[in-house]
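A short worksheet on the structure shown next.
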Number of protein chains: 2
Amino acid sequence: MAQDEYQHALALLKEHRVRLTPQRKTILKYLIDHHTHPSVEMIYSDLKEHDDSISIATVYNTVRLLVDYHLVIELKNGDGSTHYDYFGRPHYHVVCDNCGKITDVFASQFADLTKELGQITREQTHYLVTRSDIEVHGLCPDCQAKLGLTTVATEVN
Amino acid sequence: MAQDEYQHALALLKEHRVRLTPQRKTILKYLIDHHTHPSVEMIYSDLKEHDDSISIATVYNTVRLLVDYHLVIELKNGDGSTHYDYFGRPHYHVVCDNCGKITDVFASQFADLTKELGQITREQTHYLVTRSDIEVHGLCPDCQAKLGLTTVATEVN
DNA sequence: GGCAATGTTGATAATAATTCTAAACTAGGA
DNA sequence: TCCTAGTTTAGAATTATTATCAACATTGCC
């Protein structure tokens with residue numbers, strides 16, 4: 001599966017005549033394998049630990065490249081730094097406002113929602129819609145428990 | 001209307017024992033009146049021009065405060081800097097990937113969409129959902145015209 | 001496989017964005 | 001009015017990001 005993603009992404013880049021350097025492959029693979037929504041700094045230090053030398057500038061350049069080709073998306077949770085997430089298969093994000101954790105949701109309804117959203121948007125704005133980023137905020141189950149909100153959780157709409 | 005928003009926001013802050021300093025009021029009023037999605041730098045220079053002294057640090061502090069109380073939301077279009085938008089009445093954003101323009105959409109269907117989204121999310125993740133940020137990407141009508149895509153636009157789903 | 005053209009990397013300098021600090025100030029309650 | 005905890009200010013410090021450019025590596029071609 002992850003292997004498929006990787007091959008698919010490589011093929012897309014190749015199609016666009018993007019040079020497949022070892023660094024780019026490494027970073028791409030890292031992002032496919034780690035759905036931890038890492039920041040540039042996290043990617044950099046992780047890779048430096050395992051593999052050897054890779055420049056922070058290269059990480060910046062590569063994530064931007066991947067964002068440009070829509071293989072990866074940028075996220076901000078609120079702690080200042082920017083996070084990245086491989087976006088090969090459509091999904092959306094749920095951010096915990098208490099601990100900052102970001103969870104992926106691969107809901108089957110996602111496709112329907114985005115389609116609907118695209119239609120509404122086109123009607124209202126006449127934009128040519130290409131994609132949608134959805135970010136839901138709330139409290140993760142852990143934080144609900146910590147804050148003693150477990151019972152409330154089931155009541156709230 | 002804008003006056004209502006302002007009073008409503010002030011009341012909310014007051015309720016939370018937030019000190020209503022002139023700087024905070026000024027910045028809040030600015031954000032309510034300007035739906036231009038300004039960056040901190042833009043707010044700062046605009047206010048410095050009209051009004052007199054206000055520190056950039058205060059602008060940073062204040063927008064964060066307003067974000068914390070969900071009166072304002074953070075946006076990134078892609079040019080690096082962070083933008084802010086008064087969020088008194090629910091809406092979502094459409095970003096033009098060509099020129100970076102951000103358009104607000106106050107679709108009546110917005111409420112239904114977010115409700116649906118909240119339900120799906122809760123089922124899938126057991127998060128306690130509080131709100132949703134939706135960001136649609138595409139090409140604005142101007143850029144479609146510039147790029148000669150007007151005919152295509154009507155064909156694409 | 002080997003070669004050349006051209007894009008990429010790496011280290012670091014430069015710049016931009018954001019936060020911190022400490023002293024001075026002030027909103028709001030008593 | 002007075003007090004005080006919270007806020008503002010200016011600038012320093014820190015952090016994030018981009019630019020530079022010589023050395024290097026990928027790709028397409030033979």
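First the proteins, then the strands, lettered A, B, ... as listed; each starts at 1.
On a pure distance criterion of 3.5 Å, a polar donor-acceptor pair joins the side chain of Arg19(A) and the base of dT6(C).
For the pair Thr21(B) and dT8(D), the criterion of a side-chain N or O lying under 4.0 Å from OP1 or OP2 is met. Phosphate contact (OP1/OP2 of dT19(C), side-chain N/O of Arg64(B), threshold under 4.0 Å): present. When the side-chain nitrogen and oxygen atoms of Gln23(A) are compared with OP1 and OP2 of dA25(D), none of them lie within a distance under 4.0 Å. Applying the 4.0 Å criterion to OP1 and OP2 of dT9(C), one finds that Arg24(A) has a side-chain N or O inside that range. Between Thr58(B) and dT9(D) there is a side-chain polar atom (N or O) within less than 4.0 angstrom of OP1 or OP2. For Ser39(A), no side-chain nitrogen or oxygen approaches OP1 or OP2 of dA16(D) to under 4.0 Å.
Rounded to whole angstrom, the span from the CG atom of Asn61(A) across to the P atom of dT20(D) amounts to 13 Å. Rounded to whole Å, the distance from CD1 on Ile43(B) to P on dT18(C) is 11 Å. Atom pair Met42(A):CE and dA16(D):P shows a separation of 12 Å (rounding to whole Å applied). Distance CG (Leu20(A)) to C1' (dG7(C)): 12 Å, rounded to an integer number of Å. The interatomic distance linking Leu13(A) (CG) with dT27(D) (C1') rounds to 15 Å, in whole Å. Between Lys25(A) atom NZ and dT9(C) atom C1' the separation is 16 Å, expressed in whole Å. The interatomic distance linking Tyr84(B) (OH) with dA17(C) (P) rounds to 12 Å, in whole Å. The separation between Ile27(B) atom CD1 and dT9(D) atom P is 8 Å, rounded to whole Å.
A side-chain donor-acceptor contact under 3.5 Å links Asp85(B) and His91(B). Side-chain contact annotation: His37(A) with Asp104(A), donor-acceptor N/O pair under 3.5 Å present. No side-chain donor from either of Glu135(B) and Tyr92(B) sits under 3.5 Å from a side-chain acceptor of the other.
Ile56(B) comes within contact range of no nucleotide atom at all, as no heavy-atom separation falls under 4.0 Å.
Out of dA27(C), dC20(C), dT8(D), the shortest distance to the side chain of Ala57(B) is found at dC20(C).
Checking Val18(B) against Tyr60(B), the closest nucleotide of DNA chain C that is more toward the 5' end is the one next to Tyr60(B). Along DNA chain C, the nucleotide nearest to Leu65(A) and the one nearest to Tyr44(A) differ in position, and the one closer to the 5' end is contacted by Leu65(A).
For the pair Val40(B) and Val63(B), the tightest heavy-atom approach, listed with the atom from each and the gap, is CG2-CG2, 4.1 Å.
A ring-centre distance under 6.0 Å is found for Tyr69(A) and His16(A).
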